[in-house]
Amino acid sequence: MEWFKSYEDELSSVFSMCEASITEFPSPLNDLGLHYLKKFDVFEKDSAKNYICYLLPFWMRESTRLAPEIYRDISTANIFGMLYYFIQDDLMDTPTDSTNRPTPQDLKSYLALANLLYYEFISIYQQYFPTDSTFWQYFRQYTHEWAEGVLHESRHDYFTANPALVAKKASPVKLGSTALLLLSELPAQIEPANEQMALVLLTLQMMDDWTDWKQDLEDGSYNCLLSLIKSEKQLPRDYSLSVSEVEQAIYVEQIVTKYAEIASATHRQLKAAGIHTPDVLAFHQTLVTELVNDANDIENAKTSLVYGGLNYHLSILRKK
């Protein structure tokens with residue numbers, strides 16, 4: 001994981017900068033903000049790791065060659081943006097009848113916090129790009145893509161119809177690479193970088209959906225793995241899979257092997273594109289390897305048992 005270890009010191013500074021800014025938020029939103037930040041702090045045990053969000057600016061360093069503080073600032077901006085969008089996602093994805101639904105007071109607090117985070121997010125970019133900069137056209141484009149992804153991924157079934165569109169919900173991540181390319185006066189590289197980033201974000205979403213399929217199934221959220229299962233079984237897009245149907249596909253019908261093959265094909269596309277950011281390629285290889293290993297573990301465990309049946313299912317379920 002050199003794509004991470006090489007930048008640990010830089011990331012430590014970036015998260016310290018985020019903490020310092022959030023500490024200045026009005027009480028009690030400062031405490032709420034610090035607690036929320038810790039959930040995604042790469043240095044916190046058991047935190048959710050969103051490597052691409054805060055590492056992408058540093059991965060662009062080899063191809064852009066800017067002052068060190070610029071990469072730290074853009075990474076900091078992306079963390080604030082990440083927290084802002086994650087709050088939106090959390091509130092949108094929680095079913096109205098869920099026991100985990102925020103109380104009205106919690107809802108007010110998180111929406112207020114989101115606006116403070118958004119201010120920090122956008123104010124950093126404003127330091128580097130005047131109002132007439134083409135950066136803001138890209139900002140608008142990526143925001144529109146995010147909104148379209150949120151609204152339409154289930155309706156249009158992006159994963160089976162056009163997998164690259166799965167990355168729309170993560171389009172704001174591209175601000176990091178776009179900003180650095182503009183500051184380096186390399187605007188012609190923005191679209192190729194975006195095409196490559198769409199492939200990386202697709203595989204990243206596939207990994208998240210493999211991990212979260214049970215929760216997504218319960219919540220009724222769109223999920224790439226569940227989409228593939230319905231496609232393979234020729235089921236309607238609005239069909240509600242049962243847990244047993246998903247487990248049958250995973251542990252008997254080799255659906256994870258097919259899923260991993262899609263990720264491997266995506267990696268071949270990235271390599272063929274002649275990507276100029278080695279850390280991005282290495283990060284994507286890590287994702288693909290993890291997914292392929294999971295698929296192999298399932299198949300190896302299956303063949304090692306004398307009979308598939310109940311004993312096989314129980315042995316796998318105990319690991320999940």
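The first residue in the sequence is number 1, and the count goes up from there. Everything quoted here is computed from the prediction, not taken from an experiment.
Other residues, nucleotides and ligands place no more than 12 heavy atoms under 6.0 Å from the NE2 atom of H35. Other residues, nucleotides and ligands contribute only 12 or fewer heavy atoms inside 6.0 Å of the CD atom of E62. The number of heavy-atom neighbours closer than 6.0 Å to NZ of K108, taken from other residues, nucleotides and ligands shown, is 12 or below. The 12-atom threshold is exceeded at CG of N162, counting heavy atoms of other residues, nucleotides or ligands nearer than 6.0 Å.
Linking ILVMFWY residues whenever their side-chain heavy atoms come closer than 4.5 Å, directly or via other members, places L217 and Y222 in the same cluster.
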Apply the test salt bridge (Lys or Arg N to Asp or Glu O under 4.0 Å) to residues E245 and K230: give CA-CA distance (whole Å), side-chain angles for both, the deciding distance (0.1 Å), then the verdict.
-> CA-CA 10 Å; E245 285 175 314; K230 284 189 276 190; over 6 Å; no
Stepwise side-chain contact (heavy atoms from CB on, under 4.5 Å) test for K214 and E247 = CA-CA 10 Å; K214 284 187 179 178; E247 290 174 345; 4.3 Å; yes
Are W146 and K168 close enough, and set up right, to give a side-chain contact (heavy atoms from CB on, under 4.5 Å), and what steps lead you there?
-> CA-CA 5 Å; W146 169 82; K168 276 190 170 187; over 6 Å; no
For Y110 and L32, run side-chain contact (heavy atoms from CB on, under 4.5 Å): C-alpha distance rounded to whole Å, both residues' side-chain angles, the deciding distance at 0.1 Å, then the answer.
-> CA-CA 8 Å; Y110 275 108; L32 182 63; 3.6 Å; yes
Check against salt bridge (Lys or Arg N to Asp or Glu O under 4.0 Å), K233 and E253 | CA-CA 10 Å; K233 292 177 177 291; E253 298 168 359; 3.1 Å; yes
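Note: W3 and Y51 meet the aromatic proximity criterion, with ring centroids under 6.0 Å apart. For Y259 and W210, the distance between ring centers is not under 6.0 angstrom. Two rings, from F121 and F80, have their centers 6.0 Å or more apart.
Between T64 and Y71, the side chains place a donor N or O and an acceptor N or O closer than 3.5 Å (distance only, hydrogens not considered). Using modelled atom types, one finds no donor on one side chain facing an acceptor on the other under 3.5 Å when comparing E261 with T257. Counting only N and O atoms by type, the side chains of S47 and D41 include no donor and acceptor under 3.5 Å apart. Looking at Y125 and D73, their side chains never bring a donor and an acceptor atom within 3.5 Å of each other. Y36 and D90 share a donor-acceptor pair across their side chains, judged by distance under 3.5 Å alone.
Nearest heavy atom pair, residue C53 against residue N78, reads SG-O, 3.1 Å. The two residues Y142 and S171 make their nearest non-hydrogen contact at O-CB, 3.5 Å.
For K174 and E195, the salt-bridge test fails: no basic side-chain N is under 4.0 Å from an acidic carboxylate O. Between K169 and E145 there is no salt bridge, since no side-chain nitrogen of the basic residue lies less than 4.0 Å from a carboxylate oxygen of the acidic one.
Classification of the H267-H284 ring pair by plane angle, with boundaries at 30° and 60°, yields parallel.
For the pair Y54/T76, no side-chain contact is recorded, criterion being any heavy-atom separation below 4.5 Å from C-beta on.
Note that CZ of F58 and OH of Y7 are 9.0 Å apart. Values are rounded to the nearest 0.5 Å. Here CD1 of I74 is found 12.0 Å from CD1 of I79. Values are rounded to the nearest 0.5 Å.
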